[in-house]
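Structure, as structure tokens:
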2 protein chains.
Amino acid sequence: MDETDELLSIRAAELYYEENKTQDEIGQALRLTRWKVGRLLAQAKQRGFIRIEILHPRARRLPIERRLREERGLSDAIVVSSAGVAGPEELQARTAQAAADYLTALRPVPRTLGVSWGRTLYEISQHLRNGWATGVNVVQINGGVSLNRRPGTAAATAVGIAQKGGGQATLLPSPAILERLETKQAIESDRVVAGVIELARSADAYLFSAGAADESSVHVESGYLSVSDVDLLVAKGAVGDVVGRYLDSDGNIVDPALDARTVGLTLDELRQAPLAIAVIAGQAKHPVADAVVRSGLCTVLVTDEATALHLLDG
Amino acid sequence: MDETDELLSIRAAELYYEENKTQDEIGQALRLTRWKVGRLLAQAKQRGFIRIEILHPRARRLPIERRLREERGLSDAIVVSSAGVAGPEELQARTAQAAADYLTALRPVPRTLGVSWGRTLYEISQHLRNGWATGVNVVQINGGVSLNRRPGTAAATAVGIAQKGGGQATLLPSPAILERLETKQAIESDRVVAGVIELARSADAYLFSAGAADESSVHVESGYLSVSDVDLLVAKGAVGDVVGRYLDSDGNIVDPALDARTVGLTLDELRQAPLAIAVIAGQAKHPVADAVVRSGLCTVLVTDEATALHLLDG
DNA sequence: GGCGATTCTGCTCAGATGAGCAGCCGGGCC
DNA sequence: GGCCCGGCTGCTCATCTGAGCAGAATCGCC
């Protein structure tokens, strides 16, 4: 395509997309046949001169979703558009909304849904509508009820999802990470705790997010880990955590001793789940999102456009 | 349109624009008739959910051009797209290119073209192609040959435009602004100078830019004015200059005494021209662009998208 | 300069789309 | 409850558009 044709295709595109002329009219204006105009427009599209964006908080990027499914082996992917996004909070909100939409449309409806907790999960619970399902029971899959700065958030998340879904919530009454291995083992052998974990293992579907390995982590905020603990994990290769378990970029546990003191489903248990929905958004979580997807921690990913493109990069 | 329809129209738009499905196929996917799908898409467009951009340095914004013609009474307007622009320099380059394109396509071809000088005009001269016209003579319409930091730029501009257009350049051998009124009058009464100005008055068309009233002005750079002179002009309401003459937001001369010492066509002479092409781009020139258009200094405006939208705002 | 290969052009035709219209449905008002 | 009105729905039909194709033009190579 030479310079002249390139310019002509731009002129044609202006008349076609901005002035809503027919290809025939454009042909008359530019002294071309309508077939030539059609071909110029096709080339303009094909060479990327035409960008079409859907500007809406609920807009998704289907081509990227398809690539995630095909190139990363996900059984499903939901990618929210970043077009016209105001800030990281809105990105997070859009992603949470998309996750809520996905859950609502999910078929078959899971009888029992295992959930983690955290900012993302809480936001999803807020976005779910009353009656999003009927009879969905919710069970927590990792510990962490009490130590939160805003106590009850973890519980409110699970209870909210359950209530709006017409079911019961089963909380895991345990800290996320215990200081001593013995305490952790003692807690896990408690009849109630063991029962909850058993129920969690039997869930039809899991819904969880991932945390970045930095000082903004919920574990730091909640007091389970200190900033220096996290620094140490990062030094060992940690990119973030899933259900409280810190993993490296290959999806392996970074600190087995710490992991042994962490209450809840293990990463391998999650990996075996037929339906594991990860919801991960934001620049800071790109590395951990990569680890989650590469190591097969989820079958379904809900994320934002930038994160998705990052995943497809490598 | 209720929430459900809004969401549906977004889903439809995704399938239509991103997945290239037909409206019929979308209808099947969303369990709608194809007519409903068509209506949803129409609404999505109409409500602004669909943004179509033409990403190309030569892309123009025809709807904005139309509004400038209709709402600001211009006989023609060229608005270059800001989509995907890298920085102010590229915006300037795109606008200069568009001005060169406009000149090249101009019919009837002017026999004599009056031009000002400055960064913008120089860039336009660079963008013009050899043989852009045949037999177009060029005449400078304001003084300023010698004092430039890069001497000869003003001359090179006029000569370049003329040579590439197969004609002669007539330079105005005079400073832009003189220190004493008597000197200015003496210069103007010089036979050569008077002849050039007479020729300038008789030009078929004028091509000029405008300068912002700040320390980056060419007059400061060239030493005709000091920074404090410009500050004083700003204090008196100056928004910028056209052919060396400083005007306020209503297009009136800010400092009549200074104006009397400025050599070249007057603003009122420009206003009476049947074809006066102003080329003005960049954030810094929004106020002066406004003054130029509002006070009828040009019949044709070549500008960038942001400046055009600023003009249409008020 | 001649010749084959490739690209380009303008066509036919079928599928996709938008305008316009009659019938239907639902809400508001008596 | 009955009636009117506005908006919505699904249709027909005309127009617009893209795929595919045969001939024309152009290019590159000898």
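Bear in mind the structure is a predicted one, so any value in this text is a computation, not a measurement. Proteins get letters first, then strands, A, B, ... in listed order; numbering begins at 1 in each.
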Charged N to carboxylate O under 4.0 angstrom, [X] versus [Y]?
X      : Y      : value
B:E3   : A:R58  : yes
B:D290 : B:R72  : no
B:E123 : B:R119 : no

Let me know the distance between [atom1] of [X] and [atom2] of [N], rounded to the nearest Å.
X     : N      : atom1 : atom2 : result
B:I26 : C:dT17 : CD1   : C1'   : 12 Å
A:L41 : D:dC16 : CG    : P     : 15 Å
B:R31 : D:dG10 : CZ    : P     : 14 Å
A:K36 : C:dG10 : NZ    : P     : 9 Å
B:R39 : C:dA19 : CZ    : P     : 11 Å
B:E25 : C:dA16 : CD    : P     : 7 Å
A:Y16 : D:dT15 : OH    : C1'   : 12 Å
A:D5  : C:dT9  : CG    : C1'   : 12 Å

> Can you name the closest pair of heavy atoms from A:E305 and A:S82 and give their distance?
Replying inline: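 Nearest heavy atoms, A:E305 then A:S82: OE1-N, 2.8 Å.
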>> From the set D:dG18, D:dC16, D:dG10, return the single nucleotide nearest to any side-chain atom of A:T22.
In response: D:dC16
> For the side chain of B:R34, counting heavy atoms from C-beta on, which of C:dT17, D:dG20, D:dC11 is nearest?
Replying inline: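 For the B:R34 side chain, the nearest candidate turns out to be C:dT17.
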>> When you measure only distances, ignoring hydrogens and angles, does the side chain of B:W35 come within 3.5 Å of the base of C:dT17 through a donor and an acceptor?
In response: no
> Do the side-chain N or O atoms of A:Q23 get closer than 4.0 angstrom to the phosphate oxygens (OP1, OP2) of D:dT15?
Replying inline: no
> Any side-chain N or O of B:T33 less than 4.0 Å from the OP1 or OP2 oxygen of D:dG10?
Replying inline: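 For D:dG10, OP1/OP2 do have a side-chain N/O of B:T33 under 4.0 Å.
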